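Worksheet for the structure shown next.
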Amino acid sequence: MANVEISAVRKSYGALEVVHGVDIDIKDGEFVILVGPSGCGKSTLLRMIAGLEEISDGAVSIGGRVVNNLTPKERNIAMVFQNYALYPQMTVAQNMGFSLEISGKSKAEISSKVNSTAEILGLTPLLERKPSQLSGGQRQRVAMGRAIVRDPAVFLFDEPLSNLDANLRVQMRAEIKALHQRLGTTIVYVTHDQIEAMTMADRIVVLRGGVVEQMGTPMDLYDSPANMFVAGFLGSPSMNFLKGRLAADGSPGLTLEDGSEVKLQHSPQGTSNQAIVLGIRPQDIAVDPVNGTPAVIKVMEPTGADTHVLVELAGQDLVAVLPPRLKTTVGETIPLSFASPNVHFFDAASEANIPCDPKSEHDQ
Amino acid sequence: MTIVDAQTAPFSSLPKRRDPVLIGLWISLVIVAIIWLAPIVFITFTAMKSNPEVLNSAAFAPPEKIVWENFTKAWVKGNFNETFVNSTVITFIKVPLGLLISAMAAYALAQIQMGWNKFLLIFVLFGAMIPFQVMLAPLFTLVNSLSLIDTYPGVILPYLAFGVPYQVFILHGFFKAIPKELTEAALIDGASHVTIFRRIFLPVSLPVLAALLILDFVATWNEFAMALVLLQDKHMWTLPLGLMSFQGQFSDNYGQLNAAIVMTVLPATIVYLIFQRYFVSGLTSGAVKG
Ligand SMILES: Nc1ncnc2c1ncn2[C@@H]1O[C@H](COP(=O)(O)OP(=O)(O)OP(=O)(O)O)[C@@H](O)[C@H]1O
Ligand SMILES: [Mg+2]
């Protein structure tokens with residue numbers, strides 16, 4: 001077990017820099033998830049920790065030891081790949097025992113470790129099979145077993161669940177989390193799936209274009225996103241953004257492009273008439289026949305527990321999660337209220353979060 | 001054999017209507033097989049006939065009485081005692097050694113980034129492009145200057161030089177197609193390049209290695225032109241050279257001539273039969289997904 005310290009790490013392929021100075025401090029035993037859109041450098045970062053990719057600049061240390069120039073083997077890490085990367089001609093047991101065999105462990109020790117790991121993962125009946133005789137979920141388990149057997153200081157996962165179907169993904173998510181609680185080993189996990197990140201991580205690192213946009217606990221990031229990118233990335237359905245201007249008289253509200261008014265519970269720090277973006281999660285929009293702003297319904301998607309409604313307001317599309325069995329239909333207008341305490345404000349130009357004006361909250 | 005398997009297995013469960021393209025393909029395969037088999041049948045049957053029977057019976061008629069003597073006499077007359085040993089020594093050293101060198105070179109070119117891999121590969125490929133016939137004269141001069149004419153190394157080394165490039169080329173293509181995650185997983189598991197090569201690449205490449213081994217065995221066993229130039233001493237001759245001389249001396253004894261041919265070809269056939277079962281495809285299946 002060990003902490004992982006990533007300081008000012010950069011990665012360039014020739015003249016092209018893809019990771020631009022990343023600092024992440026991962027505590028011993030922490031489950032950290034790197035999340036971000038495709039091509040943002042998540043895998044590159046993980047592979048630099050693993051020693052599969054050279055570190056162009058900066059330092060990675062594991063357990064207090066700078067590992068920049070160490071081989072993957074010397075770093076004492078284990079990695080689970082997106083496509084499993086099982087050795088095709090070896091059985092499950094041989095796959096799992098390969099690293100122990102290489103490090104010269106005795107046959108008895110190898111088989112006892114393989115057996116106890118197989119027990120944890122429910123692989124015992126499959127030990128003599130070849131990878132080609134396994135289902136995707138079973139292969140994924142073997143890949144994890146191969147990592148666990150080694151008892152490494154750090155586990156690295158690169159999108160381990162993205163080849164599995166939706167149900168299995170949910171199940172494996174819970175299994176990985178339980179495994180982490182059981183083993184207590186530091187985990188660095190890469191995914192582009194925000195639900196995986198939200199549900200499993202102790203701490204999330206949101207990356208975009210090779211820089212860290214924000215890091216913190218899942219709820220921190222969900223409740224106080226630093227910018228529109230993080231706000232839009234986490235949460236499902238994703239956050240709505242409504243462009244407008246602060247009311248000229250300083251009252252908590254927003255003037256939209258077509259002149260309609262949206263009433264809010266509080267307003268951000270800023271000057272009147274300033275162009276801003278309102279961020280509101282679909283779950284925070286409510287139907288309000290008295291103070292609501294009318295919006296036109298474009299699509300209704302009943303999910304059973306609630307209804308996802310796509311509406312148009314002043315030329316902008318919004319998604320609202322409303323109660324089930326709504327008595328309206330597509331094409332009609334519906335009065336929606338945005339006066340939730342959980343709204344966010346962003347600067348229209350920089351997209352950075354603007355804190356709420358403390359005064360406006362007292363006004364309520 | 002494989003034709004029959006492929007035909008019956010997947011279709012037995014289907015209704016009787018068959019794809020006309022498949023039927024056409026099947027018929028052409030049978031025709032090709034007959035064209036290939038005819039000379040073999042002729043040679044095998046003739047090898048077992050006495051000389052009068054050869055002259056009086058139809059070419060493809062089976063022998064009335066098998067004359068095993070043909071084989072023993074051909075063995076002695078053709079000096080098979082020496083040529084067989086020479087061929088065996090040369091082939092059994094050259095083929096495995098060449099394949100090992102090729103596989104190691106291909107692994108290094110495909111897996112270890114040295115900066116000039118591309119150039120090296122092109123250089124190796126260049127070697128595969130030169131027909132060895134144009135090199136015979138300089139080759140003789142070279143081997144002669146090393147005083148290796150009429151020695152085993154004198155043929156084995158040139159055989160290696162001309163055989164390795166195309167094997168490297170084929171194996172390099174195959175090794176490149178092995179997912180890089182397999183190597184990376186092994187590196188993380190603590191494997192060295194030697195271990196990765198031996199424990200992962202070689203087993204995964206078994207079908208190609210078997211194919212190359214068979215092709216190379218047959219080519220080396222039957223090689224004629226280079227051996228003719230490099231082996232002047234009758235006692236160093238290989239089977240094809242011995243066969244040629246046999247043909248020149250005893251061309252009127254058809255039975256014994258064909259017996260000599262059968263004995264020459266037989267080892268290659270046996271090697272083929274042993275190794276063809278490794279031609280199973282899809283050995284990497286199950287390794288990675290997506
Ligand atoms: N060998 C390479 N040469 C040049 N550019 C590369 C190389 N490998 C990756 N890149 C670039 O580096 C960037 C980051 O790649 P990386 O694989 O880390 O993305 P990722 O965040 O893992 O994306 P995904 O979610 O699609 O896996 C990408 O823009 C990619 O094009
Ligand atoms: Mg990736």
Side-chain angles (χ1 to χ4, degrees), chain A residues 43 47 49-54 71-92 94-105 129-140 142-143 146-147 149-150 152 154-156 158-160 162-164, chain B residues 103 106-108 110-118 171 173-213 275 277-290:
Chain A
S43 300
R47 293 165 56 81
I49 302 174
L52 297 172
E53 207 79 66
E54 212 172 298
T71 62
K73 175 189 176 182
E74 293 162 332
R75 298 184 186 201
N76 193 19
I77 42 99
M79 184 155 169
V80 177
F81 294 85
Q82 174 175 358
N83 54 17
Y84 321 140
L86 301 178
Y87 311 125
Q89 78 288 0
M90 298 185 199
T91 63
V92 168
Q94 288 167 335
N95 260 284
M96 287 169 58
F98 189 60
S99 61
L100 300 176
E101 187 191 328
I102 287 174
S103 59
K105 297 277 191 302
R129 294 222 197 146
K130 295 276 175 70
S132 58
Q133 299 164 325
L134 300 176
S135 73
Q138 291 167 336
R139 284 179 207 178
Q140 189 54 63
V142 176
R146 190 169 63 180
V149 158
R150 303 184 44 203
V154 181
F155 283 117
L156 306 174
D158 193 353
E159 309 211 19
S162 54
N163 280 330
L164 304 180
Chain B
Y107 177 86
Q111 290 290 317
I112 304 171
Q113 287 309 319
M114 295 173 288
W116 24 283
N117 292 27
K118 274 230 174 71
L171 285 169
F174 196 82
F175 287 173
K176 269 282 176 203
I178 293 180
K180 77 175 194 320
E181 285 87 351
L182 273 190
T183 315
E184 294 177 345
L187 279 176
I188 289 177
D189 273 349
S192 61
H193 276 300
V194 174
T195 312
I196 297 174
F197 173 70
R198 207 170 54 82
R199 297 289 306 276
I200 295 167
F201 275 61
L202 288 189
V204 164
S205 319
L206 218 52
V208 204
L209 291 171
L212 286 177
L213 185 127
F275 286 96
R277 70 195 175 92
Y278 292 107
F279 280 141
V280 276
S281 58
L283 269 192
T284 43
S285 67
V288 297
K289 181 180 179 184

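Quick note on labels: first sequence line is chain A, next is B, and so on, each numbered from 1. These figures come from a predicted structure and were not determined experimentally. The figures here come from the full heavy-atom set of this structure, side chains too, leaving out hydrogens, waters and symmetry mates.
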Exercise. Between A:Arg146 and B:Ala185, which heavy-atom pair has the shortest distance, and what is it?
Worked result: NH2-CB, 3.5 Å

For this session: Could you note down all residue pairs passing salt bridge (Lys or Arg N to Asp or Glu O under 4.0 Å) where residues 202-211 of chain B supplies at least one of them, sequence neighbours left out?
Result: none

Problem set entry | Shortest non-hydrogen separation from B:Thr195 to A:Phe98 and the atoms involved | CG2-CZ, 4.2 Å

Problem set entry | Between A:Glu101, A:Met79, A:Glu74, the one whose heavy-atom pairs under 4.5 Å with chain B are most numerous | A:Glu101

Exercise. Quick one: are B:Arg199 and A:Met90 in side-chain contact, heavy atoms under 4.5 Å?
Worked result: yes

For this session: Locate the shortest heavy-atom distance separating B:Gly190 from A:Ile102; write the atom from each residue and the value.
Result: O-CG2, 3.3 Å

For this session: Please look at A:Arg47 and chain B and tell me whether the side chain, the backbone, both or neither of the residue comes under 4.5 angstrom of a heavy atom of that chain.
Result: side chain

For this session: Locate the shortest heavy-atom distance separating A:Gln89 from B:Ile200; write the atom from each residue and the value.
Result: NE2-CA, 3.7 Å

Problem set entry | Which atom of A:Ala78 lies closest to which atom of B:Ile188, heavy atoms considered | CA-CG2, 4.0 Å

Exercise. Does A:Lys130 have any side chain to side chain contact (heavy atoms under 4.5 Å, CB included) partners at least two apart in sequence or in another chain, and if so, which?
Worked result: A:Thr91, A:Ser132, A:Gln133

